[in-house]
Amino acid sequence: CCLSGLAGAACRLRHSQKSMSTDLYGSGEEFRPGMQVVDADGRRGEIAATRRKTLEVSFEDGMVLPLPLNGLEPYAEWAHGSTGLDGTCCLIAPASELCLEMRHRLLEKRKDGEPPVMIHPSTAKPLVKEVFPKLAIYVYATSPIEGDRKIVWFCHSVEHLPAQAEAIEDGKLLFNGIRSNSQKLPSDGEKVELPTDWCNVVPGEQCPLAGLTVEVESSQGKVPQAWQRTMAAGESCLFEQLAAGPVAVGALLPAVIVRSMDSNGIWQKLHISHEDCGTVKLLRKLLADQLDEAEQGLGVFWPGNSTALADDVELEVGMEVVAGVLAPFKIKVLAPDSSGREGVEGVVVEVDGKECGSTDGDGTVVLRVQEGSRSVRLRHCCFGAERDLGILDIGAGRQQECTVIADVRLFFYATEQDPPSDEEQEEDSAPPPSLVFVAVSEDQIPDGATGFEGRATATGLAGKEVTVELSEKGPSQMLLLSGREAEGSHMPACSLGSLTLQARRSGYCWQPKEPSPIAERAKELDGSEYLRLLNCPMALGFFNAALRVQREGAEDINMSIAESPNVGSLRARVSSLLRISGSSIRMWHVGKEGRRLLGDDSEATKFGWDVFVEEVAPVAVRVVTACCDEAVADAEVDLEGAEAGRTDSDGRCKL
């Protein structure tokens with residue numbers, strides 16, 4: 001690993017069968033009790049007894065085994081010794097093929113069938129043989145009696161593994177903390193062989209094993225864990241220390257998961273010990289050191305939310321947050337009918353689908369969001385439902401401003417007043433008037449509001465007249481101005497004071513307020529009439545209960561019952577409207593039973609009447625007998641199927 005010498009390794013050289021030029025595998029006569037032999041694994045033993053085709057061999061470890069002749073050879077040791085502090089052992093041997101045997105706790109034993117290490121010393125120059133222990137270790141954890149942390153150990157020999165050793169599931173070893181250079185830990189706790197490129201190339205450098213870290217992938221249902229190094233860096237080789245037994249190298253602690261972007265723009269997942277980041281403020285301070293960023297420029301966010309969390313937000317074990325560089329982002333929403341740059345309050349700002357704030361009384365909101373490409377939407381009644389600003393590139397280190405002009409949507413509706421109580425209401429009395437309103441939000445329309453026919457007109461963008469036909473099916477909407485189209489235009493971009501309304505409803509008479517309240521208020525008060533309508537809708541007039549006046553070849557006219565409570569007042573209004581003398585006007589009530597002449601000026605008019613009006617000339621009718629030419633009194637005179645009068649005693653009737 002670190003190219004330092006391995007001290008205390010036993011070394012010995014012996015002849016091989018090939019170098020002795022003898023065939024030892026025959027009848028067994030060459031083998032004698034007391035002879036030193038070596039088996040195929042290089043174990044040295046002494047022949048205890050001979051049989052016809054087997055030998056009883058007593059090995060150095062005390063075991064006595066019956067072995068076949070094949071596979072044994074006489075042991076002829078030439079030299080032996082052990083390595084010093086620099087890992088070197090110098091031996092003198094003849095110039096022939098020899099077997100090299102080395103024993104140390106860190107050296108793997110030769111496996112069955114594996115050939116021994118052969119060397120060929122030469123008298124021409126010294127032979128240097130370098131032997132490298134196999135770089136493989138056990139990595140396991142143990143849990144203390146109390147607490148949530150787990151101690152992580154490195155171990156070389158299976159004999160050193162304690163009974164309470166736990167495999168580290170979903171774990172991997174990282175070389176120098178580099179995730180792209182990692183080695184997965186076996187889930188069954190077996191030995192992990194380390195890559196050779198993790199080893200030092202220059203002797204004397206710190207042991208690379210001391211720089212290994214353990215990372216555990218978080219999985220659903222399991223507490224995430226953070227690595228904490230507990231072993232201080234030293235000058236000695238950590239791998240060599242493992243010969244004496246396991247070494248505690250670190251700990252795994254309950255953690256908070258933090259996702260952040262590295263300098264190459266690649267997202268990384270960090271496990272930060274909860275002991276070190278109980279609050280957002282502590283986490284920001286720790287991340288500022290790790291990411292080499294200014295603490296005030298770092299933000300912590302919930303996943304999918306680009307608004308930074310407050311410093312006093314407490315974090316819990318297992319929570320997942322996102323860390324990134326903060327960028328100031330200012331949005332201002334303007335009222336389009338104001339030259340004073342008045343703003344719209346209460347516009348909700350969504351960044352990446354999450355609500356991040358709302359505009360103040362000035363129509364402004366300043367957010368600190370995560371830098372990068374962000375999807376921004378605005379929610380307010382002025383936009384109908386929402387305004388999608390699309391993907392905005394929000395950069396750190398500078399405040400980005402975005403100015404938005406509100407749409408102007410007008411809603412027209414009528415409300416019905418509660419009828420008087422049964423005691424107060426006279427029989428066949430007209431219903432109370434209906435109020436007609438203009439609003440700028442559907443939310444301002446009360447339940448039970450109704451629509452009406454008519455037409456609304458106002459001045460929109462660039463002085464263009466905008467007209468919309470209204471429907472009796474329900475409240476009608478008018479888009480007076482699109483904020484997108486008004487961007488970059490001279491302000492104010494439209495005029496609400498120019499609004500005019502023509503309204504119609506069957507059975508009712510439209511009575512606008514005079515002068516127009518919206519025009520009058522816009523004239524008297526500075527600022528945005530749109531913002532005032534946001535606070536409260538405005539009544540533009542009334543629908544009064546009416547009767548319908550019909551004329552031959554002319555359009556029907558609705559006349560208010562409140563202004564024409566009896567036949568006489570109705571006749572006077574018709575006379576004034578048609579510029580005809582009242583004495584020349586004849587009126588009939590047209591109902592299911594036919595027509596009835598309205599001759600009594602004191603008779604009260606009724607809601608829903610259809611009244612037929614015509615201009616008449618004086619006509620005198622005299623009824624006499626055919627024989628004597630005497631006057632016929634009380635004769636009924638009908639005009640166009642309806643009784644128009646009766647003759648007097650002289651037989652005369654004036655029509």
Side-chain angles (χ1 to χ4, degrees), residues 260-261 280-281 284 287-288 293-313 321-409 440-441 461 481-494 527-528 530-531 534-535:
S260 65
M261 188 175 292
V280 167
K281 182 175 179 60
R284 287 201 306 114
L287 290 174
E293 293 282 354
E295 181 180 343
Q296 62 272 20
L298 276 179
V300 177
F301 316 86
W302 296 127
N305 193 325
S306 299
T307 303
L309 297 174
D311 279 348
D312 59 354
V313 173
V321 294
V322 178
V325 178
L326 289 173
F329 179 42
K330 178 180 179 181
I331 291 181
K332 186 173 182 66
V333 181
L334 296 178
D337 65 331
S338 169
S339 58
R341 312 290 286 182
E342 292 180 83
V344 180
E345 183 179 4
V347 178
V348 176
V349 182
E350 290 184 357
V351 180
D352 292 340
K354 302 294 182 180
E355 183 176 326
C356 298
S358 59
T359 56
D360 56 17
D362 189 38
T364 302
V365 60
V366 178
L367 306 172
R368 293 177 66 82
V369 301
Q370 189 176 1
E371 69 168 343
S373 297
R374 299 280 166 248
S375 171
V376 181
R377 291 177 183 268
L378 306 180
R379 286 193 288 108
H380 192 270
C381 62
C382 68
F383 303 121
E386 63 183 25
R387 170 79 66 82
D388 186 359
L389 301 185
I391 304 298
L392 302 182
D393 187 16
I394 302 175
R398 57 182 175 85
Q399 177 171 290
Q400 182 166 330
E401 297 189 12
C402 182
T403 300
V404 178
I405 298 177
D407 299 339
V408 177
R409 286 177 167 80
V440 292
S441 168
L461 183 63
L481 179 87
S482 167
R484 289 187 185 275
E485 296 177 359
E487 291 178 2
S489 301
H490 177 72
M491 301 292 280
C494 65
S528 170
Y530 176 76
L531 295 181
L534 271 176
N535 292 325

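Note: hydrogens, waters and symmetry copies are ignored here, and every other heavy atom, side chains too, is used.
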Exercise for the section: Go through the steps to decide whether D337 and V408 satisfy the test side chain to side chain contact (heavy atoms under 4.5 Å, CB included), and finish with yes or no. Expected result: CA-CA 9 Å; D337 65 331; V408 177; 5.8 Å; no
Completion exercise
S260 meets the side-chain hydrogen bond (donor to acceptor under 3.5 Å, both in side chains) criterion, sequence neighbours left out, with Q268
Exercise for the section: Please list, chain by chain and in numerical order, all residues satisfying side-chain contact (heavy atoms from CB on, under 4.5 Å) with A385, sequence neighbours excluded. Expected result: none
Sequence neighbours left out, what passes salt bridge (Lys or Arg N to Asp or Glu O under 4.0 Å) with [X]? Give chain and number order.
X    : result
D362 : K332
R284 : D311
E386 : R377

Anything under 3.5 Å between a donor and an acceptor, one on a side chain of residues 345-356, the other on a protein residue two or more places apart or in another chain? List them.
| unit_1 | atom_1 | unit_2 | atom_2 | d |
| --- | --- | --- | --- | --- |
| E350 | OE2 | R379 | NE | 2.6 |
| E350 | OE2 | R379 | NH2 | 3.4 |
| D352 | OD1 | S375 | N | 2.9 |
| D352 | OD2 | S306 | OG | 2.7 |
| D352 | OD2 | R374 | NH1 | 3.2 |
| E355 | OE1 | R379 | NH2 | 3.2 |

Exercise for the section: Please confirm whether the backbone N or O of C381 pairs with a side-chain atom of S441, one donor and one acceptor, at under 3.5 Å? Expected result: no
Practice task
Ignoring hydrogens and angles, tell me if any N or O in the side chain of R387 forms a donor-acceptor pair with the backbone of I405 under 3.5 Å.
Solution key: yes
Exercise for the section: Work out which heavy atom in L334 is nearest to a heavy atom in T403; give both atom names and the distance. Expected result: CD1-CG2, 3.7 Å
Handout entry: Heavy-atom pair of closest approach, residues L481 and A406
Key = CD2-O, 4.2 Å
Exercise for the section: Look at D407 together with R484 and state whether they make a salt bridge at an N to O cut-off of under 4.0 Å. Expected result: no
Handout entry: Atom pair NE2 (H380) and OG1 (T359), whose distance is rounded to the nearest 0.5 Å
Key = 6.5 Å
Practice task
Enter the distance from C382:SG to R409:CZ here, rounded to the nearest 0.5 Å.
Solution key: 8.0 Å
